[in-house]
Amino acid sequence: MQNVAGFNQQAFEAVHQSEEQITSIRINPSKISDSKQGMMSDEVKTSKVPWCEFGYYLNERPSFTFDPIFHAGSYYVQEASSMFLWQVLQQTTGNETQKTVLDLCAAPGGKSTLLASYFTDGLVVSNEVIKQRCSVLVENITKWGSDNVIVTNNDPKDFKRLPNFFDVIVVDAPCSGSGLFRKDKNAIDEWSEENVNLCSQRQQRIIADIADCLNENGILIYSTCSYSNAENEDVLDWIKNSFNLESVQLKVEEEWGIVETVSDAESCYGYRFYPDKVKGEGFFIAAFKKTSTQKTNQKFKETILAKPLKKEIEVVESFMPIRENYFLFKQNEFVRIFPQEYQQQLQIIASNLYIKKAGVELGAVKGKDLIPSHELAMSSLDMKHINNFTLNKEQALQYLSKKEVNIDVHSTGWALMKFDNISLGWIKALPNRINNYYPVEWRILKDKK
Ligand code: SAM
């Protein structure tokens, strides 16, 4: 790294030997109100991550497992440098939040949840190629509760079917991982020069697969958690050489400690994060704007989504109000909800990609009843009129462990369990017992000491 911009060997080694660990979270603005932002708990005081509106540093690393609202997607534990994506969005897309966005390498969902909070009235397609990693992505997206996200499980080359489809594409590429050396000692053992070169080739292949999906004036954001030129500036040079994309220079405040670099051959701007200079881990990010595109009058294939029966819609509407800017569709026995505005995009994606989850699963209609899904409890849809119980912390942890919950209920039927005014999930109260409907695969397995 001797010739890499901003590298200071002594400071870099010292910070890696210091064992200092930085913990940061990004809160979910649709679940935590302004007055409570950054107040995870009284004991853990916080300060703001300067480049991300909802990012906070914690003074210590609490046990997230035993914080009930963590399980309800009230915040995401995310490394602070990665939150710079927020800043890139602000500087490249401004206040235009109604965009069609692709997060191509999405698991476990850090960038996708940030995108969902940014593009509140947009559409976010969150894709992960590795099937096993999709389950954690679905879990995190479900808990985040946004209704405008589609999770897909596709190879980047499958997106060739969608030319000029996206306004913003984020490629948080698989990389050699040197930026995580301080946080994860295993990353050191796994690192090799050979792997850096393999990653660089793969990063180029991935971008080549999706470059045509970007719309005119669209933004491509490329990031890695590697320090290697081969995975960063060299990839930028290759992008500039290969596509109609212009490098975008970003503004960084001096006190943030972020190093702006310029690639050798094509003078593209990149932003390097060193743990000895910023309060965060190693990271690299760059943005490009598409200058021109070959307009095709392509008509995309669309899958017509199954509509619920009239009587099923009546059952759903007797459970909760359905606002007119949403539409309902069926997947297997489940009724799902999605923003009306993006119905056509959903139909196109359903026809061309493999969808793991789209919008919010409301539940299954059984006779005259709706069996509500956990996704509904996690969403921000209007459930004001549904019975709910406020649990104390001990009861909340019992509930989240899928144990028996000791509460006095005075009426039977479905009810939301809440902690700190945030929904944790469903119970069904029967005349003589309470059934805990927390998803078994997400329950807390550890006991609190
Ligand atoms: N964006 C994620 C976040 O913020 O939580 C982290 C993404 S991680 C750096 C890179 C992801 O790329 C991994 O989930 C990995 O499974 C996926 N990946 C691996 N090989 C890939 C390939 N050939 N094409 C696309 N994605 C790939």
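All values below come from the heavy atoms of this structure, side chains included, with hydrogens, waters and symmetry mates left out. Every number for a ligand or one of its atoms is a count from 1 in the order of the listing.
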Judged by modelled atom types alone, do [X] and [Y] share a side-chain donor-acceptor pair under 3.5 Å?
X	Y	result
N127	T152	yes
D121	T97	yes
Q204	Q201	no

Contacts satisfying ring pair (Phe, Tyr, Trp, His ring centres under 6.0 Å) that involve residues 217-255 (not counting sequence neighbours) are F12-Y227, Y227-Y274, W238-F243
Residues forming a ring-ring contact (aromatic ring centres under 6.0 Å, His included) with F327, sequence neighbours excluded: F329
Who's touching ligand 1 if we go heavy atoms under 4.0 Å? C105, A106, A107, P108, G109, G110, K111, E128, V129, I130, R133, P156, D172, A173, P174, R202, I206
For T100, the side-chain contact (heavy atoms from CB on, under 4.5 Å) test, sequence neighbours excluded, returns L123, F165, F166, D167, Y342, Q345
